Amino acid sequence: MDANAIKALVGQVVGTSQWIEISQERINTFAEATGDFQFIHIDPVAAAQTPFGGTIAHGFLTLSLIPLLTAESDCPRPAGVKMGVNYGGNKTRFIAPVRSGKSVRGIFKLLELEEKRPGQWQQSMEITVEIEGEEKPALICEWITQFFI
């Protein structure tokens with residue numbers, strides 16, 4: 001899709017991702033990668049004694065899924081993109097824990113798309129990561145990506 005056509009969608013929800021399961025194996029792998037071995041993530045017996053009732057995903061695991069959720073979405077993408085890079089995030093809030101075995105998906109609202117230089121576009125999305133079957137989302141953030149066309 002032409003970048004200017006996408007720009008006309010500012011203010012609208014422009015995509016939804018597929019559901020992605022947050023298995024205990026994924027949580028354990030994330031703990032290994034980051035060194036965050038807090039019991040609420042990796043010890044089902046101890047975590048069952050907490051208000052969570054079992055293990056939960058790391059908040060940063062949920063946040064790190066944004067590129068996958070984006071790839072698994074129907075969001076419009078500028079035609080001719082040679083490269084896209086994560087530029088950063090704003091206003092990230094972890095709203096509710098994601099329990100092991102639950103699935104999450106992303107809802108993408110386009111906040112801004114502007115051409116920074118010829119062929120370089122910067123896009124801001126409000127991303128809400130929903131938890132299947134739950135009222136509160138896992139997180140809400142503003143995510144910024146740059147595209148090079």
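Being a predicted model, the structure only gives us computed values, none of them experimental.
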A.B. asks: Sequence neighbours left out, what passes side-chain hydrogen bond (donor to acceptor under 3.5 Å, both in side chains) with S100? Give chain and number order.
C.D. replies: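 By the side-chain hydrogen bond (donor to acceptor under 3.5 Å, both in side chains) rule, S100 matches Q24.
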A.B. asks: So, taking the atom named SG in C141 and the one named CD1 in I66, what distance separates them when rounded to the nearest 0.5 Å?
C.D. replies: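 Nearest 0.5 Å value for the SG-CD1 distance: 3.5 Å.
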A.B. asks: Restricting to non-hydrogen atoms, name the atom on I107 and the atom on E130 that form the minimum distance, rounded to 0.1 Å.
C.D. replies: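 Answer, listing the atom of I107 first, then E130: CG1-CD, 3.7 Å.
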A.B. asks: Could you tell me the separation between the CD1 atom of I140 and the NZ atom of K136, rounded to the nearest 0.5 Å?
C.D. replies: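 Answer rounded to 0.5 Å: 11.0 Å.
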A.B. asks: Quick check: does any side chain N or O of D74 sit under 3.5 Å from a backbone N or O of T16, one acting as donor and the other as acceptor?
C.D. replies: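 At least one qualifying donor-acceptor pair exists.
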A.B. asks: Atom CD1 in I149, atom CE in M83: separation rounded to 0.5 Å?
C.D. replies: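 Atom-to-atom, I149:CD1 and M83:CE are 11.5 Å apart.
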A.B. asks: If every non-hydrogen atom of S64 is compared with every non-hydrogen atom of F30, which pair is closest and at what distance?
C.D. replies: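 In terms of heavy atoms, the two residues are closest at OG-CE1, 3.8 Å.
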A.B. asks: Can you tell me how far CD1 of I27 sits from OG1 of T29, rounded to the nearest 0.5 angstrom?
C.D. replies: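 Answer rounded to 0.5 Å: 10.0 Å.
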A.B. asks: I want to check something: taking the side chain as every heavy atom from C-beta on, are V14 and M125 in contact at a cut-off of under 4.5 Å?
C.D. replies: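 Yes, their side chains come closer than 4.5 Å.
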A.B. asks: Does F148 have more than 12 heavy atoms from other residues, nucleotides or ligands lying within 6.0 Å of its CZ?
C.D. replies: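 Atom CZ in F148 is crowded, with more than 12 foreign heavy atoms closer than 6.0 Å.
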A.B. asks: Is the shortest side-chain heavy-atom distance between L110 and Q123 below 4.5 Å?
C.D. replies: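 Yes; the side chains approach each other to less than 4.5 Å.
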A.B. asks: Would you say that F147 contacts T145 through its side chain, given a criterion of any heavy-atom pair below 4.5 Å between the two side chains?
C.D. replies: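 Side chain of F147 against side chain of T145, heavy atoms only: contact under 4.5 Å found.
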A.B. asks: Do the side chains of Q38 and H58 get nearer than 4.5 Å, heavy atoms only?
C.D. replies: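 A side-chain contact under 4.5 Å is absent here.
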A.B. asks: Give a yes or no on this: more than 12 heavy atoms of other residues, nucleotides or ligands lie within 6.0 Å of atom CZ of F37.
C.D. replies: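 It does: F37 CZ has more than 12 such atoms within range.
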A.B. asks: For a quick test of reading the model, state the closest non-hydrogen atom pair linking A138 to V98 and the distance between them.
C.D. replies: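 Minimum heavy-atom separation between A138 and V98: CB-CG2, 3.4 Å.
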A.B. asks: Between V129 and L65, is there a side-chain heavy-atom distance shorter than 4.5 Å?
C.D. replies: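 Side chain of L65 against side chain of V129, heavy atoms only: no contact under 4.5 Å found.
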A.B. asks: Just to verify, what does K109 make a side-chain hydrogen bond (donor to acceptor under 3.5 Å, both in side chains) with, not counting sequence neighbours?
C.D. replies: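 K109 satisfies side-chain hydrogen bond (donor to acceptor under 3.5 Å, both in side chains) with no residue once adjacent residues are dropped.
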A.B. asks: Measure the spacing between CH2 of W143 and OG1 of T92 and express it to the nearest 0.5 Å.
C.D. replies: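 The CH2 atom of W143 sits 6.5 Å away from the OG1 atom of T92.
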A.B. asks: I'd like to know if the side chain of S17 reaches the main chain of G106, judged simply by a donor and an acceptor atom lying under 3.5 Å from each other, with no hydrogens or angles considered.
C.D. replies: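 Yes; at least one donor-acceptor contact below 3.5 Å.
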A.B. asks: After noting the C-alpha distance and the side-chain angles of E114 and Q122, does the key distance pass the side-chain hydrogen bond (donor to acceptor under 3.5 Å, both in side chains) rule?
C.D. replies: CA-CA 5 Å; E114 63 179 88; Q122 184 168 299; 5.8 Å; no
A.B. asks: Please tabulate, for the side chains in residues 39-53, all donor-acceptor contacts under 3.5 angstrom to protein atoms that are two or more places apart in sequence or on a different chain.
C.D. replies:
from: H41; atom 1: ND1; to: I56; atom 2: O; distance (Å): 2.8
from: D43; atom 1: OD1; to: V45; atom 2: N; distance (Å): 3.1
from: D43; atom 1: OD1; to: A46; atom 2: N; distance (Å): 3.1
from: T50; atom 1: OG1; to: A47; atom 2: O; distance (Å): 2.7
from: T50; atom 1: OG1; to: F52; atom 2: N; distance (Å): 3.2

